[in-house]
Amino acid sequence: SCGACPRAATLTRTGPPTRSHTVATTADPTAAPTADPTAVPPCEDTPQYGDTRWNFSCSKLAALGCNNLAVFLFSAAEVAEVYANCKKSCGACPRAATLTRTGPPTRSHTVATTADPTAAPTADPTAVPPCEDTPQYGDTRWNFSCSKLAALGCNNLAVFLFSAAEVAEVYANCKKSCGACPR
């Protein structure tokens with residue numbers, strides 16, 4: 001504890017309002033923070049986790065390919081659950097920030113100029129873009145149009161062996177047909 005540090009005072013109401021206050025002192029502050037606020041939490045798999053579909057362990061799911069689970073008919077919610085419980089096995093650990101020293105410390109600030117601002121905003125930032133399909137879009141697998149893909153069911157394309165990246169591309173280009181417009 002810091003013997004020379006003043007104690008913090010708090011006001012505590014103990015009854016009806018009066019013209020004076022009751023002052024209560026709080027405990028001394030700790031000498032140092034109790035945890036490193038920049039520390040990255042450890043990245044581990046949930047012990048004894050088994051997925052809801054087949055009760056596979058994280059290592060078995062990683063062997064299948066965590067990013068390929070839709071091919072095995074896992075729903076988006078099931079895939080999210082796997083990633084939440086199998087961070088290490090699925091390679092979903094947060095990366096620690098690294099600091100790079102560019103030189104010795106100086107007493108002056110580094111000043112960098114920025115580009116001149118534009119004369120006026122270029123678009124209304126609250127405007128919602130129209131929700132349309134990309135004209136003449138054809139998927140990379142079969143060159144199907146948005147209407148044909150929607151007839152198959154945009155949310156069922158993994159059944160037809162579309163990868164997660166291909167499904168994402170379909171949704172990005174067929175927003176209207178796939179019902180993916182912002183509401």
Side-chain angles (χ1 to χ4, degrees), residues 34-102 112 114-183:
T34 54
D36 180 2
T38 61
V40 175
C43 184
E44 299 295 330
D45 293 339
T46 301
Q48 281 79 48
Y49 172 74
D51 73 278
T52 55
R53 181 168 291 274
W54 297 323
N55 199 31
F56 276 12
S57 66
C58 290
S59 60
K60 285 183 181 177
L61 292 164
L64 290 174
C66 298
N67 59 338
N68 293 323
L69 294 176
V71 172
F72 300 100
L73 306 180
F74 277 64
S75 69
E78 289 170 322
V79 172
E81 178 190 299
V82 168
Y83 271 95
N85 286 287
C86 301
K87 290 181 180 92
K88 187 174 182 179
S89 294
C90 290
C93 297
R95 295 199 175 145
T98 58
L99 299 177
T100 304
R101 177 164 285 191
T102 58
T114 59
D116 290 332
T118 58
T122 54
D124 181 1
T126 59
V128 176
C131 185
E132 298 293 332
D133 293 338
T134 301
Q136 278 80 49
Y137 171 74
D139 73 276
T140 55
R141 181 168 292 275
W142 296 323
N143 198 31
F144 278 9
S145 67
C146 290
S147 61
K148 286 183 181 176
L149 292 164
L152 291 173
C154 298
N155 58 340
N156 294 322
L157 293 175
V159 173
F160 300 101
L161 303 180
F162 276 65
S163 69
E166 290 171 322
V167 172
E169 178 190 306
V170 168
Y171 271 95
N173 286 286
C174 302
K175 290 181 181 91
K176 186 175 183 180
S177 293
C178 290
C181 297
R183 296 180 192 258

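It should be emphasised that the depicted structure is a prediction, and the values quoted were computed from it without experimental measurement.
Scanning for salt bridge (charged side-chain N to carboxylate O under 4.0 Å, His left out) contacts around E81 gives an empty result, with sequence neighbours left out.
Across E132 and K175, no two heavy atoms sit closer than the pair O-CB, 4.0 Å. When every heavy atom of C178 is checked against every heavy atom of V170, the shortest pair comes out as SG-CG1, 4.0 Å. Of all non-hydrogen atoms in C66 and A62, the two that sit nearest each other are SG-CA, 3.9 Å. The two residues C58 and D45 have their closest heavy-atom pair at CB-OD2, 3.5 Å.
In this structure, L69 CG and F74 CZ are separated by 5.0 Å, a value rounded to the nearest 0.5 Å. To the nearest 0.5 angstrom, S89 atom OG is 8.5 Å from L61 atom CG. A distance of 7.5 Å separates CG in D139 from CD in E166, rounded to the nearest 0.5 Å.
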Yes or no on side chain to side chain contact (heavy atoms under 4.5 Å, CB included) for Y83 and N67, after CA distance, side-chain angles and deciding distance? CA-CA 9 Å; Y83 271 95; N67 59 338; 3.6 Å; yes
